[in-house]
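Just so you know, these numbers use all the heavy atoms, side chains as well, and skip hydrogens, waters and symmetry mates. Throughout, protein chains are lettered first and strands after them, A, B, ... in sequence-line order, and every chain is numbered starting at 1.
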Protein chains: 2
Amino acid sequence: MGLAKTEIFTEDQNELALIGKVFAHPARIAILQHLFKVKACVCGDLVDEIGLAQPTVSQHLKELRNMGLIKGDVEGTSVCYCVNVANWNEMKEKFKAFLDQGIELDQECC
Amino acid sequence: MGLAKTEIFTEDQNELALIGKVFAHPARIAILQHLFKVKACVCGDLVDEIGLAQPTVSQHLKELRNMGLIKGDVEGTSVCYCVNVANWNEMKEKFKAFLDQGIELDQECC
DNA sequence: TTTATATATTGTAATATTGCGATTAAATAA
DNA sequence: TTATTTAATCGCAATATTACAATATATAAA
């Protein structure tokens with residue numbers, strides 16, 4: 001089918017999967033890493049930095065924006081992007097709680 | 001295209017994206033959560049727990065296995081699955097380092 | 001107003017993912 | 001041997017993702 005049966009999973013599981021999805025492409029990882037490094041930059045700089053065509057980068061930026069992880073401020077003909085720190089931290093805690101759930105397991109099982 | 005241009009990204013970026021991808025489906029999140037809860041269980045129990053058809057669950061288990069996050073031990077006609085704790089912890093540290101990279105940013109930018 | 005610049009959107013082709021019925025494989029039980 | 005049980009694999013249909021050329025939009029400059 002190509003579409004997940006989200007209705008049979010919990011809200012928490014679906015949300016964690018959406019977080020996973022937004023990180024599931026190296027271009028989006030690279031965009032976030034660059035934004036963390038330079039704090040804020042214009043779309044065109046990201047296009048140069050990433051090495052994909054402008055519409056492709058724009059598309060990845062849109063997905064990051066839709067997830068609330070970045071914000072874009074229009075400045076003349078440019079758009080200045082940066083990490084949405086509040087949302088990033090919220091997402092981060094949620095995902096780290098998932099990653100840390102097995103902290104008590106200290107050996108193999110089967 | 002449907003396929004990422006991995007050759008233009010760093011090894012680190014591609015690996016983080018692969019980690020994201022394995023978490024990008026609620027069924028795989030649910031499988032991992034269940035394995036953490038019950039420590040180890042047989043494939044059939046996961047099929048009951050998850051609520052997807054057996055071939056579908058088997059496919060998700062394969063992806064988790066390919067990423068090294070779980071192991072399956074054949075026990076008669078059954079297969080007992082569990083988290084591969086060493087690999088899980090390694091992956092976890094790598095991903096948490098990525099999530100924590102912006103720790104010094106404490107306010108909005110644009 | 002016209003032109004240039006920067007970004008978003010649209011449309012499309014190629015590929016990937018998801019889900020499952022049907023089948024296969026492998027071990028055990030009768 | 002012949003079921004039976006359990007899980008993996010195959011094949012397919014439906015949908016999603018990725019990438020980009022072409023175009024639209026919006027602001028600024030001439």
Side-chain angles (χ1 to χ4, degrees), chain A residues 1-9 13-14 17-31 34-35 40-67 70-82 110, chain B residues 1-9 13-14 17-31 34-35 40-67 70-82 110:
Chain A
M1 318 248 151
L3 91 171
K5 287 183 125 185
T6 53
E7 70 277 9
I8 68 172
F9 300 105
Q13 288 162 345
N14 284 316
L18 284 179
I19 296 173
K21 212 180 226 173
V22 82
F23 292 134
H25 195 291
R28 294 191 288 271
I29 298 284
I31 288 169
H34 193 249
L35 287 181
C41 80
V42 137
C43 175
D45 294 342
L46 283 167
V47 172
D48 296 341
E49 174 71 19
I50 303 302
L52 290 170
Q54 178 266 320
T56 308
V57 172
S58 201
Q59 189 174 269
H60 286 301
L61 287 169
K62 190 180 187 179
E63 288 171 58
L64 290 166
R65 229 174 338 103
N66 288 345
M67 276 296 289
I70 65 172
K71 294 186 309 178
D73 251 31
V74 177
E75 288 182 359
T77 64
S78 303
V79 177
C80 176
Y81 279 100
C82 65
C110 302
Chain B
M1 318 248 147
L3 91 171
K5 286 183 126 185
T6 53
E7 70 277 9
I8 68 172
F9 300 103
Q13 289 162 345
N14 285 317
L18 284 179
I19 295 173
K21 210 179 227 173
V22 82
F23 291 134
H25 195 290
R28 293 191 288 272
I29 298 284
I31 288 169
H34 194 249
L35 287 181
C41 81
V42 137
C43 175
D45 294 343
L46 283 167
V47 172
D48 296 341
E49 175 69 23
I50 303 303
L52 291 170
Q54 177 267 319
T56 308
V57 173
S58 202
Q59 189 175 269
H60 286 302
L61 287 170
K62 190 181 186 178
E63 286 169 59
L64 290 166
R65 229 173 337 105
N66 288 344
M67 276 297 288
I70 64 172
K71 294 186 309 178
D73 250 32
V74 177
E75 288 182 359
T77 63
S78 302
V79 178
C80 176
Y81 279 100
C82 65
C110 298

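Contacts of A/T56 with the nucleic acid, taken as non-hydrogen atoms under 4.0 Å apart, include base atoms. Nucleic acid contact for B/V42: sugar-phosphate only, since backbone atoms but no base atoms lie under 4.0 Å from a heavy atom of the residue. Residue B/S58 is in base contact, counting any heavy-atom pair closer than 4.0 Å across all strands shown.
At a cut-off of 3.5 angstrom, the base of C/dA6 holds no donor-acceptor pair with the side chain of A/Q54.
Of the possible polar contacts, one joining the A/R28 side chain to the A/K21 backbone as a donor-acceptor pair under 3.5 Å is found.
Closest of all the heavy-atom pairs between B/Y81 and B/C43 is CE1-CB, 4.1 Å.
Between B/L52 atom CG and D/dA8 atom P there is a gap of 15 Å when expressed in whole angstrom units. Rounded to an integer number of Å, the gap from A/F9 CZ to C/dG19 C1' is 11 Å. Counting to the nearest Å, the C1' atom of C/dT9 and the NZ atom of A/K62 are 7 Å from each other. Between the CD1 atom of A/I8 and the P atom of C/dC20 there is a distance of 7 Å, given to the nearest Å. In this entry the distance linking CG of A/L18 with C1' of D/dT17 reads 15 Å, nearest Å. Remark: P of D/dT17 and CE of A/M67 are 12 Å apart, rounded to the nearest angstrom. Between the P atom of D/dA7 and the CD1 atom of B/I31 lies a distance of 13 Å, rounded to the nearest Å. Distance, A/L46 CG to C/dA6 P: 14 Å, rounded to whole Å.
Comparing atom distances between the B/H25 side chain and each of C/dG19, D/dT18, D/dA8 picks out C/dG19 as nearest. Closest to the side chain of A/A4, from the set D/dA8, C/dG19, D/dC20, is C/dG19. With D/dA19, D/dA21, D/dA7 as the choices, the nucleotide that has an atom nearest any side-chain atom of A/P55 turns out to be D/dA21. For B/Q59, counting side-chain heavy atoms from C-beta on, the closest listed nucleotide (C/dC20, D/dT6, C/dA8) is C/dC20. The listed nucleotides are C/dT28, D/dT15, D/dC10; the one nearest the side chain of B/T77 is C/dT28. Which of C/dA16, D/dA16, D/dC20 sits closest to the side chain of A/L3 comes down to D/dA16.
Taking only side-chain nitrogens and oxygens, B/H60 never comes nearer than 4.0 Å to OP1 or OP2 of C/dT17. Here B/Y81 reaches the OP1 or OP2 of D/dA8: one of its side-chain N or O atoms lies under 4.0 Å away. Here A/K5 reaches the OP1 or OP2 of C/dC20: one of its side-chain N or O atoms lies under 4.0 Å away. Considering only side-chain N and O atoms, B/K21 lies under 4.0 angstrom from the phosphate OP1 or OP2 of C/dT17.
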From CA spacing to verdict: side-chain contact (heavy atoms from CB on, under 4.5 Å), B/I19, B/M67: CA-CA 8 Å; B/I19 295 173; B/M67 276 297 288; 4.1 Å; yes
Test log, rule side-chain contact (heavy atoms from CB on, under 4.5 Å), inputs A/L52 and A/H60: CA-CA 10 Å; A/L52 290 170; A/H60 286 301; 4.3 Å; yes
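Between B/L61 and A/A27, it is B/L61 whose nearest contact on DNA chain D lies nearer the 5' terminus. Mapping A/D45 and A/T6 onto DNA chain C by nearest heavy atom places A/D45 at the nucleotide closer to the 5' end.
Expressed to the nearest 0.5 Å, how far CD1 of A/I70 lies from CD of A/E63 amounts to 10.5 Å. In this structure, CD1 in B/I50 is found 11.5 Å from OG1 in B/T56, a value given to the nearest 0.5 Å.
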